[in-house]
K.L.:
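Here you go, one structure.
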Amino acid sequence: MTRLRLISSIAFSESLIKKALKIAFVVGIILNLINQGDKIVSLLFNEINYFKSLLTFCVPFCVSMYTAISIKLKFQVGEKAAEHVLLRCTNCNGCLEVKKDQIVPFCYKCAEKTNWKLTSFKDKKCQHKK
């Protein structure tokens, strides 16, 4: 699976979008009250910049999506894999194929020093998968 497909798969998951929308709703309201609260409280609706109000909801949505995607791309030992991927240990270059929802194990050579990195199934260093 290519990195772009993996990111798309994670980003378009229903649960992640729901969480990001909830965060955007709560944080967006708070930020709008901070930025334009005086106009809202005074009921000066014609002076509110609605474009900025909309953008104020987009920022926390994008930040929460970016954070969630970057965390799911880390493939930490002991966590479930977000997708079926091939991982390469940055310490020994050992490779491991991990299926979706499988717990990511330690590298058999590096044990506690394992540091997995997402790689391609076409990676020439991973011809001998272990």
Side-chain angles (χ1 to χ4, degrees):
M1 175 173 280
T2 65
R3 188 170 180 84
L4 183 60
R5 280 189 187 164
L6 178 60
I7 290 170
S8 297
S9 169
I10 294 168
F12 291 111
S13 69
E14 185 178 339
S15 63
L16 186 62
I17 291 172
K18 283 181 180 180
K19 286 178 187 176
L21 286 171
K22 287 176 186 177
I23 291 169
F25 181 73
V26 172
V27 176
I29 288 173
I30 293 167
L31 290 175
N32 269 310
L33 287 173
I34 291 169
N35 293 329
Q36 302 188 72
D38 55 334
K39 295 173 186 168
I40 294 169
V41 172
S42 301
L43 303 175
L44 300 172
F45 297 118
N46 58 335
E47 292 183 21
I48 294 174
N49 187 328
Y50 291 101
F51 180 71
K52 285 183 181 179
S53 291
L54 182 64
L55 284 179
T56 304
F57 286 96
C58 292
V59 170
F61 177 82
C62 292
V63 169
S64 63
M65 288 292 284
Y66 173 79
T67 303
I69 291 167
S70 63
I71 288 170
K72 287 187 177 258
L73 288 175
K74 294 282 184 196
F75 296 98
Q76 299 294 331
V77 171
E79 294 181 2
K80 286 185 178 181
E83 287 294 327
H84 179 198
V85 293
L86 183 64
L87 303 174
R88 183 163 44 89
C89 180
T90 58
N91 294 321
C92 69
N93 285 326
C95 295
L96 176 71
E97 188 173 341
V98 180
K99 301 205 185 292
K100 183 177 181 174
D101 293 329
Q102 179 182 346
I103 302 294
V104 178
F106 285 107
C107 173
Y108 76 98
K109 286 183 184 177
C110 300
E112 297 291 326
K113 297 179 182 176
T114 300
N115 187 17
W116 293 117
K117 180 181 178 184
L118 180 65
T119 190
S120 167
F121 282 97
K122 296 176 185 177
D123 187 347
K124 293 184 183 185
K125 292 180 183 177
C126 290
Q127 293 304 314
H128 306 288
K129 297 176 197 166
K130 296 179 181 172

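Scope of the values below: all heavy atoms of this structure, side chains included, with no hydrogens, waters or symmetry mates.
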K.L.:
Working to the nearest 0.5 Å, report the span between CG of Leu44 and NZ of Lys39.
P.N.:
8.5 Å

K.L.:
Between Glu97 and His84, do the side chains contain a donor N or O and an acceptor N or O under 3.5 Å apart?
P.N.:
yes

K.L.:
Using the rule that Ile, Leu, Val, Met, Phe, Trp and Tyr join whenever any side-chain heavy atoms are under 4.5 Å apart, tell me whether Met65 and Ile23 fall into a single cluster.
P.N.:
no

K.L.:
Mind checking what makes side chain to side chain contact (heavy atoms under 4.5 Å, CB included) contact with Cys58, not counting sequence neighbours?
P.N.:
none

K.L.:
Atom CZ of residue position Phe12 - does it have more than 12 heavy atoms of other residues, nucleotides or ligands inside 6.0 Å?
P.N.:
no

K.L.:
Do Leu73 and Ile7 touch side chain to side chain, with heavy atoms closer than 4.5 Å?
P.N.:
yes

K.L.:
Would you check if Leu21 and Phe61 make a side-chain contact, meaning some heavy-atom pair closer than 4.5 Å?
P.N.:
yes

K.L.:
Which atom pair, heavy atoms only, marks the closest approach of Leu16 to Ala11?
P.N.:
CD2-CA, 4.1 Å

K.L.:
So Phe75 and Val98, side chain to side chain contact (heavy atoms under 4.5 Å, CB included) or not? Walk me through it.
P.N.:
CA-CA 10 Å; Phe75 296 98; Val98 180; over 6 Å; no

K.L.:
On a heavy-atom basis, which atom in Tyr50 and which in Phe45 lie closest, and how many Å separate them?
P.N.:
OH-O, 3.0 Å

K.L.:
For a quick test of reading the model, state the closest non-hydrogen atom pair linking Pro105 to Trp116 and the distance between them.
P.N.:
O-NE1, 2.8 Å

K.L.:
Determine the minimum heavy-atom distance between Phe25 and Phe57, stating which atoms define it.
P.N.:
O-CE2, 3.6 Å

K.L.:
Donor-acceptor check, side chain of Ser53 to backbone of Asn49, threshold 3.5 angstrom: yes or no?
P.N.:
yes

K.L.:
From Asn93 CG over to Lys117 NZ, what is the distance, rounded to the nearest 0.5 angstrom?
P.N.:
9.5 Å

K.L.:
List for me each residue that meets side chain to side chain donor-acceptor pair (under 3.5 Å) alongside Glu112, sequence neighbours excluded, and say none if there are none.
P.N.:
none

K.L.:
Does Leu43 belong to the same Ile/Leu/Val/Met/Phe/Trp/Tyr cluster as Val41, with side-chain heavy atoms less than 4.5 Å apart forming each link?
P.N.:
no

K.L.:
Kindly work out whether a path of hydrophobic side-chain contacts (I/L/V/M/F/W/Y, heavy atoms less than 4.5 Å apart) joins Ile30 to Leu54.
P.N.:
no

K.L.:
Do you know which two heavy atoms are closest between Thr56 and Gly28, and how far apart they sit?
P.N.:
CG2-O, 3.8 Å

K.L.:
Check for me, please, whether Ile10 and Ile17 land in the same ILVMFWY cluster - side-chain distances under 4.5 Å, paths through other members count.
P.N.:
yes

K.L.:
Tell me which pairs pass side chain to side chain donor-acceptor pair (under 3.5 Å) where either residue lies in residues 13-31, with sequence neighbours left out.
P.N.:
Glu14-Lys18

K.L.:
Return the CG to OG1 distance between Leu87 and Thr114, rounded to the nearest 0.5 Å.
P.N.:
10.5 Å

K.L.:
Measuring from Ile34:CD1 to Ile29:CD1, what's the distance to the nearest 0.5 Å?
P.N.:
12.0 Å

K.L.:
Taking all non-hydrogen atoms of both residues, which atom of Asn91 and which atom of Asn115 are closest, and how far apart?
P.N.:
ND2-N, 4.0 Å

K.L.:
Examine Val77 and Leu118 and state if one hydrophobic cluster contains both, with Ile, Leu, Val, Met, Phe, Trp and Tyr joined whenever side-chain heavy atoms are less than 4.5 Å apart.
P.N.:
yes

K.L.:
Using the side chain to side chain contact (heavy atoms under 4.5 Å, CB included) rule, take Lys80 and Ile103 through it: C-alpha gap first, then chi angles, then the decisive distance, then the call.
P.N.:
CA-CA 4 Å; Lys80 286 185 178 181; Ile103 302 294; 3.7 Å; yes

K.L.:
How long is the straight-line distance from CD of Glu79 back to NZ of Lys74, given to the nearest 0.5 Å?
P.N.:
11.0 Å

K.L.:
Enter the distance from Cys92:SG to Lys109:NZ here, rounded to the nearest 0.5 Å.
P.N.:
5.0 Å

